[in-house]
Undergrad: 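Handing you a structure now.
Both ligands and their constituent atoms are indexed starting at 1 by order of listing.
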Amino acid sequence: MTVRAGREFLAIPGPTTMPDAVLQAMHRPALDIYSEQMINLTESLLRDLSKLFATRGKSYIYIANGHGAWEAVISNVLSRGDRVLVLESGRFAIGWGEAARAMGADVEVLKGDWRRAVQPAEVEARLRADKTHSIKAIMVAQVDTASGVWNDIEAIGKAIKAAGHPALYMVDTVASLGCMPFAMDDWGIDVAMSGSQKGLMTPPGLGFVAANDRAIEVHKKAGLRTPYWDWSEREGSEHYRRYCGTAPVHLLFALRQAIDMIYEEGLENAYRRHRLLGEAVRRAVAVWAEGQVLGFNIADAAERSDTVTTVTMGNGHDPAPLLRYCKEKCGVVIGVGIGDLQGKAFRIAHMGHVNAPMVLGTLGSIEVGLNALDIPHGKGGMEAAIEWLGESVTP
Ligand SMILES: *Cc1c(COP(=O)(O)O)cnc(C)c1O
């Protein structure tokens, strides 16, 4: 017996649920890529991406996933042998650093922890010790989708400034842009990157990069530039060059619709919605944790992301049967633990096109699974989530 008929819900941290309007926006013929319509579409998106990143700097759109956008950043601002400082707090900044190493950079990892955020004071101390300014760039993820951590990018920016270090500050916002506040210029960020398929509710396949003037200056002398990623190649009046070839027309239609929806809701409202729904998930997990099997991966409540919650599972329990139950019996797909947390955790995504029924349905299904599989857990997680939303979402 199952109760899964109906639409399967993806509660994994990417790709996420796409609004019907986004899917429908693609159901039309391609554009003449030399038409004014095409040029206007591109220009509107580049403008709005810079607005989302909150920068007066330039934005670039790549036909790529997040890994591609990482490579775009590395290629445009680094030279062989340049030292990069990677701020560890899970899997993703490390992955970005590994790409930089493979491309010829000299990568140093500022040791962090899978259970806590990057500590700005440790960043400052490392930079102060770099008297010769051998570090050329700093890489960090705002939200690490593996650990579920939220890094205080503003505070890290202040630490870099306090150290008086000139390294480029580069931030991965793949799992946070459009969902949690981000202010590239105000926080002193030089390069930011993101992708289409998480908070931005668009099919996978678009990578975004924003760069300020300082980054563009460094770019001019960067040695790792290659034609596809190259910012300079994408400048000029010829629209065709913006994508170094044919534009991903349908993905752009989808992105246009998604960004319109974000601005229709209001960016601040979208942030608030994510905070409320994220907290609803945390309220439920906190109660479940009383059973001594489930717990938060991120120890400090203030460091937990509003877009994804990583739940550890211990005491000899394997998350796989629970995830299988949720998918096969209830029709909700929960994220697996990855990296160091493989087989030891699961991840509940709450980013992008999510609302109360999606999140409560997900939490309720997990609770059904916990009961059905006799996995010890504190009773009343759902009630706690419901109570929180009832108190916070006032009439
Ligand atoms: C998903 C993710 C990536 C990688 O994006 P892909 O599109 O899967 O290549 C990078 N960084 C973060 C923080 C992510 O969540």
Undergrad: Just list the side-chain donor-acceptor pairs under 3.5 Å for residues 251-262, sequence neighbours left out, or say none.
TA:
from	atom 1	to	atom 2	distance (Å)
Arg256	NE	Asp260	OD1	3.2
Arg256	NH1	Ser44	OG	2.9
Arg256	NH1	Asp48	OD2	3.0
Arg256	NH2	Asp48	OD2	2.7
Arg256	NH2	Asp260	OD1	2.7

Undergrad: Under a 4.0 Å threshold between the charged nitrogen and the carboxylate oxygen, would Arg275 count as salt-bridged to Glu279?
TA: no
Undergrad: For the pair Arg83 and Glu108, find out whether any cationic side-chain nitrogen is under 4.0 Å from an anionic carboxylate oxygen.
TA: yes
Undergrad: Applying a heavy-atom distance cut-off of 4.0 Å, which protein residues contact ligand 1?
TA: Asn65, Gly66, His67, Trp70, Phe92, Val143, Thr145, Asp172, Val174, Ala175, Gln197, Lys198
Undergrad: Any cation-pi pair here, Lys327 with Phe346, using under 6.0 Å and within 45°?
TA: no
Undergrad: Show every side chain to side chain donor-acceptor pair (under 3.5 Å) that has at least one partner inside residues 343-357, sequence neighbours left out.
TA: Thr309-His350
Undergrad: Show every donor-acceptor pair shorter than 3.5 Å between a side-chain atom in residues 206-213 and any protein atom, with sequence neighbours excluded, or say none if there are none.
TA:
from	atom 1	to	atom 2	distance (Å)
Asn212	OD1	Arg214	N	3.1
Asn212	OD1	Ala215	N	2.9
Asn212	ND2	Ile189	O	3.4
Asn212	ND2	Asp190	OD1	2.8

